[in-house]
Peer 1: 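I have a structure here, written as structure tokens, and I will follow up with some questions on it.
Being a predicted model, the structure only gives us computed values, none of them experimental.
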Amino acid sequence: MTGLQILREEAAGRVTLRLEGTLDGRTAQELRSSLQALGQSEVVLDFAHLREFKDSAVGVLTHGLKEGAVEMRGLATHHERMFRYFGVLSSPATHRAYYTPEDILSV
């Protein structure tokens with residue numbers, strides 16, 4: 001069983017934690033401790049380099065995680081949806097759909 005490596009990068013007042021390896025319930029507790037140690041810092045969690053991401057980790061991470069306090073990148077659609085179920089939104093969408101139903105109906 002492989003563990004989790006948390007690579008810390010700091011730039012322009014922002015701390016990025018790049019996650020590599022396996023994120024499960026046990027390693028998610030380690031990550032949560034790392035997040036708590038950062039206090040009020042602006043934090044980005046980069047999930048893109050994980051080999052394995054167990055659903056149980058989402059529940060552990062969301063416990064005590066405030067919405068908007070941590071930006072999340074590299075989430076698969078499934079895990080993004082799981083975080084939403086727990087009330088934690090990933091990064092807001094930066095692009096707008098080509099059109100919306102309201103645009104069509106208001107013509």
Side-chain angles (χ1 to χ4, degrees):
M1 176 200 233
T2 61
L4 177 70
Q5 287 185 317
I6 303 172
L7 304 172
R8 180 182 172 147
E9 301 168 2
E10 291 186 49
R14 175 183 279 191
V15 177
T16 300
L17 299 179
R18 193 174 76 204
L19 310 176
E20 296 181 358
T22 300
L23 186 60
D24 57 18
R26 181 186 57 80
T27 56
Q29 289 175 343
E30 295 172 19
L31 176 57
R32 198 169 84 189
S33 296
S34 296
L35 287 171
Q36 289 172 342
L38 291 171
Q40 298 297 325
S41 299
E42 189 176 336
V43 178
V44 176
L45 283 179
D46 184 359
F47 295 91
H49 302 282
L50 286 174
R51 275 192 300 272
E52 191 173 5
F53 189 167
K54 305 269 185 173
D55 290 348
S56 59
V58 175
V60 173
L61 286 176
T62 57
H63 182 73
L65 187 66
K66 295 179 183 174
E67 182 180 328
V70 175
E71 180 183 340
M72 296 184 278
R73 292 187 187 155
L75 284 172
T77 304
H78 169 73
H79 289 106
E80 191 172 312
R81 187 178 316 120
M82 296 262 319
F83 275 107
R84 246 189 347 257
Y85 293 156
F86 282 92
V88 176
L89 301 175
S90 62
S91 302
T94 56
H95 64 282
R96 184 173 178 252
Y98 180 69
Y99 64 87
T100 62
E102 293 80 18
D103 293 336
I104 295 172
L105 294 174
S106 63
V107 174

Peer 1: On a heavy-atom basis, which atom in Lys54 and which in Asp24 lie closest, and how many Å separate them?
Peer 2: CG-CB, 3.7 Å
Peer 1: With ring-ring contact (aromatic ring centres under 6.0 Å, His included) as the rule and sequence neighbours excluded, what pairs involving residues 24-50 come up?
Peer 2: Phe47-Phe53
Peer 1: A side-chain contact here means heavy atoms from C-beta on lying under 4.5 Å apart; do Glu42 and Val70 qualify?
Peer 2: no
Peer 1: Mind checking whether Leu45 and Leu75 have side chains closer than 4.5 Å, heavy atoms only?
Peer 2: no
Peer 1: Side-chain contact, heavy-atom cut-off 4.5 Å: Leu61 with Leu23?
Peer 2: yes
Peer 1: Does Leu35 reach the side chain of Val43, with side-chain heavy atoms less than 4.5 Å apart?
Peer 2: yes
Peer 1: Roughly how far apart are Arg32 CZ and Thr62 OG1, rounded to 0.5 Å?
Peer 2: 8.5 Å
Peer 1: Please examine the side chains of Leu7 and Thr16, heavy atoms only from C-beta on, and report whether any two atoms are closer than 4.5 Å.
Peer 2: no
Peer 1: Any idea which heavy atoms bring Val58 and His79 closest together, and the distance?
Peer 2: CG2-CD2, 4.0 Å
Peer 1: Are any of the side-chain heavy atoms of Glu9 and Val44 separated by less than 4.5 Å?
Peer 2: no
Peer 1: Is any side-chain heavy atom of Leu19 less than 4.5 Å from a side-chain heavy atom of Leu4?
Peer 2: yes
Peer 1: Checking Gln29 now: which residues fulfil side chain to side chain contact (heavy atoms under 4.5 Å, CB included) with it, not counting sequence neighbours?
Peer 2: Val60
Peer 1: What pairs with Arg8 under salt bridge (charged side-chain N to carboxylate O under 4.0 Å, His left out), at least two apart in sequence or on another chain?
Peer 2: Glu10
Peer 1: Which atoms form the tightest heavy-atom contact between Ser56 and Gly25, and what is the distance?
Peer 2: OG-N, 3.4 Å
Peer 1: So how far is it from Gln5 CD to Thr27 OG1, rounded to the nearest 0.5 Å?
Peer 2: 12.0 Å
Peer 1: How many angstroms lie between atom CG of Asp46 and atom CD1 of Ile6, to the nearest 0.5 angstrom?
Peer 2: 12.5 Å
Peer 1: Treating Thr22 as the side-chain partner and Arg51 as the backbone partner, does any N or O pair qualify as donor plus acceptor under 3.5 Å?
Peer 2: no
